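Okay, structure first, notes after.
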2 protein chains.
Amino acid sequence: MTTRDRLVESAQELLWERGYVSMSPKAVQERSGAGQGSMYHHFKGKADLAAVAIERSAAAFRESAQKWLDQPGTPLERIQGYLLRSRDALKGCQIGKLTQDPQIVLDAQLRQPLEDTFKWLQLRLKGLIKEAQAMKEIATQLDADELAAMLVLVIQGGYVLASASGSAKPFNQAIRGAVSLLR
Amino acid sequence: MTTRDRLVESAQELLWERGYVSMSPKAVQERSGAGQGSMYHHFKGKADLAAVAIERSAAAFRESAQKWLDQPGTPLERIQGYLLRSRDALKGCQIGKLTQDPQIVLDAQLRQPLEDTFKWLQLRLKGLIKEAQAMKEIATQLDADELAAMLVLVIQGGYVLASASGSAKPFNQAIRGAVSLLR
DNA sequence: GTCTATATTTTGATAGAC
DNA sequence: GTCTATCAAAATATAGAC
């Protein structure tokens, strides 16, 4: 891996684990093994590195979701497969967590990939819900748009309750509740 | 108000607006109007002040929820009143936001009030749901415990989507969806 | 109890050697 | 492209005057 890639990867990890403020040049340097000034050769500064790291995390998030939603099976099975895929609830969502970081949301460039990612996920889920409704797997009187939003929101709310309680249990309950809603 | 109260209040505001790391002694001093060393007379340090501030925010959260849940009306009306009360979606939840702040969750003393608050809210909602079920206002086949958890989670997930999109719309949609779920 | 002065460490960034 | 040296400012905290 190139030094630039190691810098971005370290920034991604630090953003997820410790937030934007704690993603200091020093912390990035130590984790990546790059020299102190090396970050400033590849990036204009901390915010610039964070922007690249967030975009890469958002892309990874979408790729992972896509992988689960593209598994073989009926539309409803694929939605359920995505919802039930194992997640580390206490680590939080690599994207959702950033939306509650004030320093990130205040910077339009850092916030935009978060907005795009959730919009994308809702659109993908909506498409599958409509397919499932066409096959009578999901009740047709439910609004596909609203249902897709509700699924994303249950996952994100589940992370919040899990962090609050220091336990993955509320998250797993929420996911099972969401799955049962679909049936 | 005493200097100590102004310090705590400033800390509460800064935690909500900018997070734990940005709640620096200097920022607290400037907002509260207290002198530079004054914080250290009343508190052992930043973490100690934050602990008091978080407990006070948690108490305020519970008092406000209690007020809405205690309005006159049927149990279902009171739940709906709480859900529909106006909130500033883009400012985020003063408690839920803290659960996504890594520096806070890692400190058991700072996390505990967050856990207690959500547990308390779920318990209160569960009680009202059971009352509503006894009156046939809510379908009795729904599990009161799960439904209470789902309501808390929809609110918290709504804040996440609102922050991501920079708009209160997803939050308001989510709340309306949760209200319609109850009918 | 409150203030000013000060100290130490970290942050975010630059300069310039190699 | 990478490294070390260095810097100004901020974060966190203490000392001691008043």
Side-chain angles (χ1 to χ4, degrees), chain A residues 1-57 97-98 101-111, chain B residues 1-57 97-98 101-111:
Chain A
M1 214 184 336
T2 66
T3 295
R4 189 179 191 280
D5 279 334
R6 274 186 289 112
L7 286 166
V8 175
E9 197 177 80
S10 301
Q12 287 180 270
E13 291 170 7
L14 286 165
L15 281 169
W16 196 354
E17 293 166 20
R18 294 161 51 183
Y20 180 70
V21 180
S22 293
M23 188 205 97
S24 63
K26 193 186 169 199
V28 170
Q29 168 217 330
E30 278 167 4
R31 184 164 302 210
S32 66
Q36 210 163 341
S38 191
M39 188 186 106
Y40 293 97
H41 173 72
H42 293 284
F43 304 95
K44 274 185 292 187
K46 171 178 161 159
D48 186 38
L49 170 57
V52 174
I54 290 173
E55 281 190 58
R56 198 181 284 188
S57 288
K97 212 172 181 178
L98 302 179
D101 189 326
Q103 318 286 329
I104 285 177
V105 177
L106 288 173
D107 183 330
Q109 215 198 327
L110 299 180
R111 188 186 58 75
Chain B
M1 215 186 328
T2 66
T3 295
R4 188 178 191 280
D5 280 334
R6 274 186 288 114
L7 285 166
V8 175
E9 197 176 80
S10 300
Q12 288 180 269
E13 291 169 8
L14 286 164
L15 281 169
W16 196 354
E17 294 166 19
R18 294 161 54 182
Y20 180 70
V21 180
S22 294
M23 190 204 97
S24 63
K26 193 186 168 199
V28 170
Q29 169 218 330
E30 278 168 4
R31 184 163 305 210
S32 67
Q36 209 163 338
S38 191
M39 187 187 106
Y40 293 97
H41 173 73
H42 294 284
F43 304 95
K44 276 186 292 190
K46 170 177 163 159
D48 186 39
L49 170 57
V52 174
I54 289 173
E55 281 190 59
R56 197 180 286 188
S57 288
K97 211 172 182 179
L98 303 178
D101 189 325
Q103 318 287 328
I104 285 177
V105 178
L106 288 172
D107 183 329
Q109 215 198 328
L110 299 180
R111 187 186 57 75

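It should be emphasised that the depicted structure is a prediction, and the values quoted were computed from it without experimental measurement. Worth knowing before you read on, the calculation uses all heavy atoms, side chains too, and leaves out hydrogens, waters and symmetry mates.
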Over how many whole Å does the gap from [X] atom [atom1] to [N] atom [atom2] extend?
X	N	atom1	atom2	answer
A:D5	D:dG1	CG	C1'	14 Å
B:L7	D:dT12	CG	P	15 Å
A:Q29	D:dT4	CD	C1'	11 Å
A:F43	C:dG12	CZ	P	16 Å
A:R6	D:dC3	CZ	P	8 Å
B:R18	D:dA11	CZ	P	8 Å

If you compare all heavy atoms of [X] against all heavy atoms of [Y], which two are closest, and at what distance to 0.1 Å?
X	Y	answer
A:S10	A:V28	CB-O, 4.1 Å
A:K97	A:E17	NZ-O, 4.4 Å
B:L110	B:I104	CB-O, 3.7 Å

Contact state string [nucleotides 13-18 of chain C, B base, S sugar-phosphate only, - no protein heavy atom under 4.0 Å]: BB----
Within less than 4.0 Å of OP1 or OP2 of D:dT2, is there a side-chain N or O belonging to A:T3?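 Yes, A:T3 has a side-chain N/O under 4.0 Å of OP1/OP2 on D:dT2.
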Under 4.0 Å between a side-chain N or O of B:H41 and OP1 or OP2 of D:dT14?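 Indeed not, no polar side-chain atom of B:H41 lies that close.
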Tell me every residue that passes salt bridge (Lys or Arg N to Asp or Glu O under 4.0 Å) with A:D48, counting only those two or more places apart in sequence or in another chain.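 Expected list: none.
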Of all residues at least two apart in sequence or in a different chain, which pass the side-chain hydrogen bond (donor to acceptor under 3.5 Å, both in side chains) check with A:Q29?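 Residues passing side-chain hydrogen bond (donor to acceptor under 3.5 Å, both in side chains) with A:Q29: none at all.
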Nearest of D:dA10, C:dC3, D:dC3 to any side-chain atom of B:K26?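 Of the candidates, D:dA10 comes closest.
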Please check if atom CD in B:Q109 has more than 12 non-hydrogen atoms from other residues, nucleotides or ligands closer than 6.0 Å.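 Counting other residues, nucleotides and ligands, CD of B:Q109 stays at 12 neighbours or fewer.
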